[in-house]
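A short write-up of the structure that comes next.
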Amino acid sequence: MQDSEKQMFDLGLFVGDLALDDEDASSDDISLEGLQEELEECKNDEEVANILSKGTKLREYTKGVENNVRQVELNSIQDYITESDNLVLLHDQIRDCDIILSQMETILSGFQAEIGSISSEIKSLQEKSMDMGLKLKNRKGAESKLSKFVEDVIVPPRMVDILIDGEVNDEYLRTLELLSRKLKFIEVDSMVKGSKALKDIQPELERLRQKAVAKIFEFITQKFYALRKPKTNIQILQQSVLLKYKYVIHFLKEHGKEIYIEVRAVYVDTMNKVLSAHFRAYIQALEKLQLDIATATDLIGVETRSTAFLLRGREPLKYRSAVFALGERINILKEIDQPALIPHIAEANSVKYPYEVLFRSLHKLLMDTATSEYLFCDEFFGEESMFQEIFAGPFQVIDEHFNTILPNYYDAIGLMLMIRIIHQHQLIMFKRRIPCLDSYLDKVNISLWPRFKMVFDMHLNSLRNANIKALWEDDAYPHYVMRRYAEFTASLVHLNVEYGDGQLDLNLERLRMAVDELLVKLAKTFIKSKSQTVFLINNYDMTIAILKEAGAGGGKMQEHFEELLKSNIGVYVEELLLEHFGDLIRFVKTNASEDTSTTTAKPSVADVDPLVKDFANRWKVAIELMHKDVITSFSNFLCGMEILKAALTQLLLYYTRLSESVKKIPGGSALNKDLVSISSILFEIKKYSRTF
């Protein structure tokens, strides 16, 4: 049998013995129901396991336990007897405590009753406090509204004194703001309109309003009239004086509309007259500084011997290329934002200016004045629209001046400069974000273009209708008409580089076609063909040189003249060589061509011998004559040397072909002694190249 099973068996016997030996046990049947569960519970009990493991007899063990229990009981009784006095004392103390606690209970019950009474009183006081707080809040709200009402309605004596008798200063302006608030209060609040207090105070406020409006009108109009005094700096007066009182204008707009309209009209009328007079005087001073550049006869195709030029008592136009050349006049666009001219200083220095300088100065003054006035009107009156009313007079003065100048203005370069100036001024106003001059500047620009077109067409027609006989000069050097054209075109091209105006490009193309035609006609007046070619080369070369100064803008036109120059140089080279080596060139072209089958008869030694000997005898002299001819024919030394170089190169080519033809002729070797070596010719060419 396993140990656990044995322990369970012994435990069962132990329990059974206890049941049999129990003297007080009932004679009734003992129920064993639940015994198995109890045995299972005691299975793992440590004390039971120890008893069973020692093998002690259960009956003896039970008696031992009973004896121990009796001994413990006797010991406890003896301890109780020993401590009886202490227990009696403890009992007395407990009884005393019970009495004290009973008294405390009575006292606390009384306190509880009193606290309940106090709680009721506190609750009552709390209700009263809340009621009083609500009443206080309502009274404060009523007091606040009433005090505000009183404050907004009442008119303090000090306020009346300032508005009626006080000077218009900072204190007056503060008082005026207070009056404005009171007037708005009685107008806006519907509850105020029904109050009895208003009936008493409203007439007084109305009288104060009328008095203030009248005083403001008198004060501000006097300030406006001060602008009419001569030599007054308007902008300083506006910024340092008038802007301090801008609130009075705001007050009038709100509480004195009729008077505001009058004040506004006074200012508009004052500034209109003042600025009109200012610009009229400035224009009159500028007119004294004007330098006339061109008249109706200063045209590209007009001859210098015209009586009109003589009557002008000036240097002939042939030597006054500044009429057509841009030159330093371009600087006006670089100085676009410089201050306006001061006329009396320039007049004192006896300085005169082309009209575009005066034009820029006038419009610079207009821009600065308009910007200042526009910003002032916006800040002081809160109205941008009144600017046009103020400047109606100045615009008219400038228009009258411009309408006088423009119909008699024939300077196309000046007109184009003015068009560019207007464009730059438009950009400046755009950067300032001031739109007030947009329509005016557009109008000026629109008036300049037709005039430019008209003057340009005059130049164009002067070329188309030019008197060839009057223009012709027995001189193959560059013609003054072509120089005028080149300078005029370069000027306009330069002014169009940053703008790319296609219409201007078309007009310049028309002008080029006209000058091409005129130049060919002038060339044909020369009797000699070579002179015609020299004339064309000189003019084309000069035109190209001038167009190069205009920069990249003249590229297309420059290419056209370069092609013409190249073709005419080729013609001149042939003519020059034919003049000095005609027989040789004709022989080479006739007999030394690649297609020899077309020749009727092959050349013989007798045909070539004169050519070879003639060349050997005088080729150096001929080259020297060619050099002198080129030097004297062309105004541009560099161009002349390039032409000479091309001629000598072509000569070398012709002679090389002649030498090759000689070698092919039967018996041609007999001429070798007279043939000039190619190296000798190259040496001579290099000698002239060193001169170049």
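We use all heavy atoms of the structure for the numbers below, so side chains are in, but hydrogens, waters and symmetry mates are not. The first residue of the sequence shown is numbered 1, and numbering continues consecutively from there.
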When rounded to the nearest 0.5 angstrom, what is the spacing between [atom1] in [X] and [atom2] in [Y]?
{"X": "Glu487", "Y": "Ile413", "atom1": "CD", "atom2": "CD1", "answer": "9.5 Å"}
{"X": "Leu178", "Y": "Leu173", "atom1": "CG", "atom2": "CG", "answer": "12.5 Å"}
{"X": "Asn539", "Y": "Ile544", "atom1": "CG", "atom2": "CD1", "answer": "11.0 Å"}
{"X": "Arg484", "Y": "Thr489", "atom1": "CZ", "atom2": "OG1", "answer": "13.0 Å"}
{"X": "Leu358", "Y": "Lys288", "atom1": "CG", "atom2": "NZ", "answer": "13.5 Å"}
{"X": "Leu275", "Y": "Phe391", "atom1": "CG", "atom2": "CZ", "answer": "5.0 Å"}

TODO: Please name the residue in the list Lys246, Glu254, Lys253 that meets the side chain to side chain donor-acceptor pair (under 3.5 Å) test with His250.
DONE: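 With His250 as partner, Lys246, Glu254, Lys253 yield a single side chain to side chain donor-acceptor pair (under 3.5 Å), made by Glu254.
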
TODO: List in chain and number order the residues that pass side-chain contact (heavy atoms from CB on, under 4.5 Å) with Asp438, two or more places apart in sequence or in another chain; answer none if no residue qualifies.
DONE: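 Scan of Asp438 (side-chain contact (heavy atoms from CB on, under 4.5 Å), adjacent residues dropped) gives Pro435.
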
Nearest heavy-atom neighbours spanning [X] and [Y]:
{"X": "Ile332", "Y": "Leu417", "result": "CG2-CD2, 4.0 Å"}
{"X": "Leu289", "Y": "Pro343", "result": "CD1-CA, 3.9 Å"}
{"X": "His255", "Y": "Ser180", "result": "NE2-OG, 2.9 Å"}
{"X": "Ile300", "Y": "Ser462", "result": "N-OG, 3.8 Å"}
{"X": "Phe381", "Y": "Arg264", "result": "CE2-CA, 4.3 Å"}
{"X": "Leu179", "Y": "Ala212", "result": "CD2-CB, 4.1 Å"}

State whether the side chain of [X] and the backbone N or O of [Y] hold a donor-acceptor pair below 3.5 Å, judged by distance alone.
{"X": "Asn507", "Y": "Lys453", "result": "no"}
{"X": "Thr404", "Y": "Glu400", "result": "yes"}
{"X": "Thr371", "Y": "Met367", "result": "yes"}
{"X": "Ser372", "Y": "Thr369", "result": "no"}
{"X": "Asp501", "Y": "Asn496", "result": "no"}
{"X": "His278", "Y": "Val274", "result": "no"}
{"X": "Lys223", "Y": "Gln238", "result": "no"}
{"X": "Asn331", "Y": "Lys334", "result": "no"}

With the side chain counted from C-beta on, respond yes when [X] and [Y] share a heavy-atom pair under 4.5 Å apart, and no when they do not.
{"X": "Phe387", "Y": "Asp378", "result": "no"}
{"X": "Ser491", "Y": "Phe324", "result": "no"}
{"X": "His401", "Y": "Leu286", "result": "no"}
{"X": "Ile220", "Y": "Tyr267", "result": "no"}
{"X": "Leu495", "Y": "Leu504", "result": "no"}
{"X": "Arg158", "Y": "Thr175", "result": "no"}
{"X": "Glu517", "Y": "Lys521", "result": "yes"}
{"X": "Lys215", "Y": "Glu218", "result": "no"}

- [ ] Give a yes/no verdict on a cation-pi contact between Arg451 and Tyr410, requiring under 6.0 Å between NZ or CZ and the six-membered ring centre and an angle within 45° of the axis.
- [x]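 Flagged: Arg451 positioned over aromatic ring of Tyr410.
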
- [ ] Report yes or no: is the cationic atom of Arg420 (NZ for Lys, CZ for Arg) under 6.0 Å from the centre of the six-membered ring of Tyr499, at an angle within 45° of the ring normal?
- [x] yes

Quick test of your reading of the model: are [X] and [Y] salt-bridged, counting only N-O distances below 4.0 Å?
{"X": "Asp368", "Y": "Arg432", "result": "yes"}
{"X": "Glu356", "Y": "Arg360", "result": "no"}
{"X": "Lys556", "Y": "Glu559", "result": "no"}
{"X": "Arg510", "Y": "Asp457", "result": "yes"}
{"X": "Arg512", "Y": "Asp505", "result": "no"}
{"X": "Arg329", "Y": "Asp411", "result": "yes"}

- [ ] Please test Gln558 against Glu562 for side chain to side chain donor-acceptor pair (under 3.5 Å), starting from the C-alpha separation and ending with a verdict.
- [x] CA-CA 6 Å; Gln558 182 180 325; Glu562 285 175 348; 3.0 Å; yes

- [ ] I would like to know whether Glu389 and Asn272 meet side-chain contact (heavy atoms from CB on, under 4.5 Å); could you show each step before the answer?
- [x] CA-CA 8 Å; Glu389 299 176 48; Asn272 188 304; over 6 Å; no

Task: Check against side chain to side chain donor-acceptor pair (under 3.5 Å), Tyr440 and His363 - done: CA-CA 11 Å; Tyr440 169 78; His363 283 82; 3.2 Å; yes

Could you tell me whether [X] atom [atom1] has more than 12 heavy atoms of other residues or ligands within 6.0 Å of it?
{"X": "Ile342", "atom1": "CD1", "answer": "no"}
{"X": "Asn403", "atom1": "CG", "answer": "yes"}
{"X": "Met454", "atom1": "CE", "answer": "yes"}

TODO: If the plane angle is over 60° it's perpendicular, under 30° parallel, otherwise tilted; pick one for Phe488 and His459.
DONE: tilted

Task: Lys443: partners by salt bridge (charged side-chain N to carboxylate O under 4.0 Å, His left out), with sequence neighbours left out - done: Asp399

Open item on the list: Gln426 vs Asp442, test: side chain to side chain donor-acceptor pair (under 3.5 Å). Steps then yes/no.
Closed with: CA-CA 9 Å; Gln426 288 174 324; Asp442 286 340; 2.8 Å; yes

TODO: With side-chain contact (heavy atoms from CB on, under 4.5 Å) as the test, would you mind laying out the steps for Ile390 and Phe376 before giving the verdict?
DONE: CA-CA 12 Å; Ile390 293 172; Phe376 175 78; over 6 Å; no

- [ ] Tell me, with the steps shown, if Leu518 and Ile468 meet side-chain contact (heavy atoms from CB on, under 4.5 Å).
- [x] CA-CA 8 Å; Leu518 176 62; Ile468 303 300; 3.2 Å; yes

Open item on the list: With side-chain contact (heavy atoms from CB on, under 4.5 Å) as the criterion, how do Phe456 and Leu415 come out once you've worked through the C-alpha distance, each side chain's angles and the decisive distance to 0.1 Å?
Closed with: CA-CA 10 Å; Phe456 188 91; Leu415 286 167; over 6 Å; no

- [ ] Apply salt bridge (charged side-chain N to carboxylate O under 4.0 Å, His left out) to Glu177 and Arg174, showing your working.
- [x] CA-CA 5 Å; Glu177 290 183 31; Arg174 289 193 295 271; over 6 Å; no

Task: Option passing side-chain contact (heavy atoms from CB on, under 4.5 Å) with Tyr409 (candidates Phe402, Tyr355, Phe452) - done: Tyr355

